[in-house]
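Throughout, protein chains are lettered first and strands after them, A, B, ... in sequence-line order, and every chain is numbered starting at 1.
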Amino acid sequence: LNSCASLFSTLHGIEIHGRLLKTGFQFYIPVSNALIDMYGKCCGPSPSHQVFNEMIERDVVSYNAVLGSHARFGKEMEVAKRLFVRMPFRNVISWNAMIVGYVNCGDLDSARAVFNELPARNVVSWTTMIVGYTKYGFVDEARVLFDTMPERNLVSWTAMITGYAQNGRPMEALELFRKMEAARMKLDAITMIGVISASAQLGGGELAKFISSYIEENGIEKNTKILTALVDMHAKCGNMDEACCAFDEILEPDAFAYSALIMGLATHGYGVRALDIFNRMRVEDIKPDYITFIGVLNACSHAGLVEDGLKFWESMVRDYGIQPGTEHYACMVDMLGRTGRLDEAYKLVKSIGVKPS
RNA sequence: AUCCAGGGGUACAC
């Protein structure tokens, strides 16, 4: 059931549910608890509730699992709160589930209120608050929590590093990375993504080399996300050869990976190569998205491929149903402007429904 | 090992 939950494999979950009823295993509380959790993760609160209601005897985990089904995405926090206050059992996990819900709906004040009331906070409570603050740009508030929490683990460090990286503060991200190193902590792939992203923002070739070899030497798992981050980093640090090598290591590149490579090639003026990669993406049947087209139009703009640019601009809306955003307009205006087609550029600006930036 | 926290790609000009 746990595997079904993490794979969102509802059909297998339902099949197992059926077998449990035949074998009588549903009367073993942990099994029904796992069922509640599986349904909550795969299908949402209603089937969870149904299993919960059919139980003869429930424990705190049963309540937490059904609470999680409501709170997880931060929708239904009203329901979650009602359940939370009338639950007969409650532990730190119940409180944390409420904090997660409030964080995920952007209600940081409520998250903080729950956190403040929580009698016995654990490392998850603290880390969830740190993530909440950084997600909404309050990096310094997050850092205060990070510095005052009684104990930190890998996830807390990663949350703080990623928070800095995502908020455009790469120096501080790397400073924490150095501290982890100095403390001889073992880093994992998720931590490294924040570190790679920070290095990409700094854009130094030496740093990029160091990071690459660090990943090799420490046996960091080279999954698609790591490799995509490396493509981006090498491109931003001016080493397109390394960027391409990283891309070639990706077994099944997705839209993120293609976009990172296309954008890197575009930035360096390799318009034709960028369009080549875009074409390969079509052949491999990977659906380009909003961001892919920023790279594609950017490639046309930087390489002066105006006719291609106009073609992709139309195709974007017609074939892929992507509504142009400010970035796409900017690429087009830039492209037309650079090649002296100023009246067309002007017409395009005037055609933007909303106020142009 | 029945329930809670960390993940990559985003335009132009200066």
From [atom1] of [X] over to [atom2] of [N], roughly how many Å is that when rounded to an integer?
{"X": "A:Asn2", "N": "B:rC4", "atom1": "CG", "atom2": "C1'", "result": "14 Å"}
{"X": "A:Leu20", "N": "B:rU2", "atom1": "CG", "atom2": "C1'", "result": "12 Å"}
{"X": "A:Leu1", "N": "B:rA1", "atom1": "CG", "atom2": "C1'", "result": "12 Å"}
{"X": "A:Asp37", "N": "B:rC3", "atom1": "CG", "atom2": "P", "result": "6 Å"}
{"X": "A:Phe73", "N": "B:rC4", "atom1": "CZ", "atom2": "P", "result": "11 Å"}
{"X": "A:Arg58", "N": "B:rC3", "atom1": "CZ", "atom2": "P", "result": "19 Å"}
{"X": "A:Met149", "N": "B:rG6", "atom1": "CE", "atom2": "P", "result": "13 Å"}
{"X": "A:Arg121", "N": "B:rC4", "atom1": "CZ", "atom2": "P", "result": "21 Å"}

Quiz item: How would nucleotides 7-14 of chain B be written as a contact map, 5' to 3', with B for base contact, S for sugar-phosphate-only contact and - for no contact, using protein heavy atoms under 4.0 Å?
Solution: BBBBBSS-
Identify whether the distance between the nearest side-chain nitrogen and carboxylate oxygen of [X] and [Y] falls below 4.0 Å.
{"X": "A:Lys311", "Y": "A:Asp308", "result": "yes"}
{"X": "A:Arg338", "Y": "A:Asp334", "result": "yes"}
{"X": "A:Lys179", "Y": "A:Glu175", "result": "yes"}

Quiz item: Crowded around A:Arg318 CZ? As in, over 12 foreign heavy atoms under 6.0 Å?
Solution: yes
Self-check item: Centroid separation A:Tyr39 to A:His49 less than 6.0 Å
Solution: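 Ring-ring flag for A:Tyr39/A:His49: false, centres at least 6.0 Å apart.
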Quiz prompt | Ring-ring centroid check A:Phe115 A:Trp126, cutoff 6.0 Å | solution =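 Yes, the ring centres sit under 6.0 Å apart.
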Exercise. Measure up the A:His268 and A:Tyr270 rings against each other and bin them: parallel (under 30°), tilted (30 to 60°), perpendicular (over 60°).
Key: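 Ring orientation, 0 to 90° scale: parallel.
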Assign [X] to base, sugar-phosphate, or nothing according to its heavy-atom contacts below 4.0 angstrom with the strands shown.
{"X": "A:Thr191", "value": "base"}
{"X": "A:Thr128", "value": "sugar-phosphate"}
{"X": "A:Ile130", "value": "nothing"}

Quiz prompt | Nucleotide nearest A:Asn153 when distance is taken to its side chain, options B:rA5, B:rG6, B:rC4 | solution =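 In terms of side-chain proximity for A:Asn153, the closest of B:rA5, B:rG6, B:rC4 is B:rA5.
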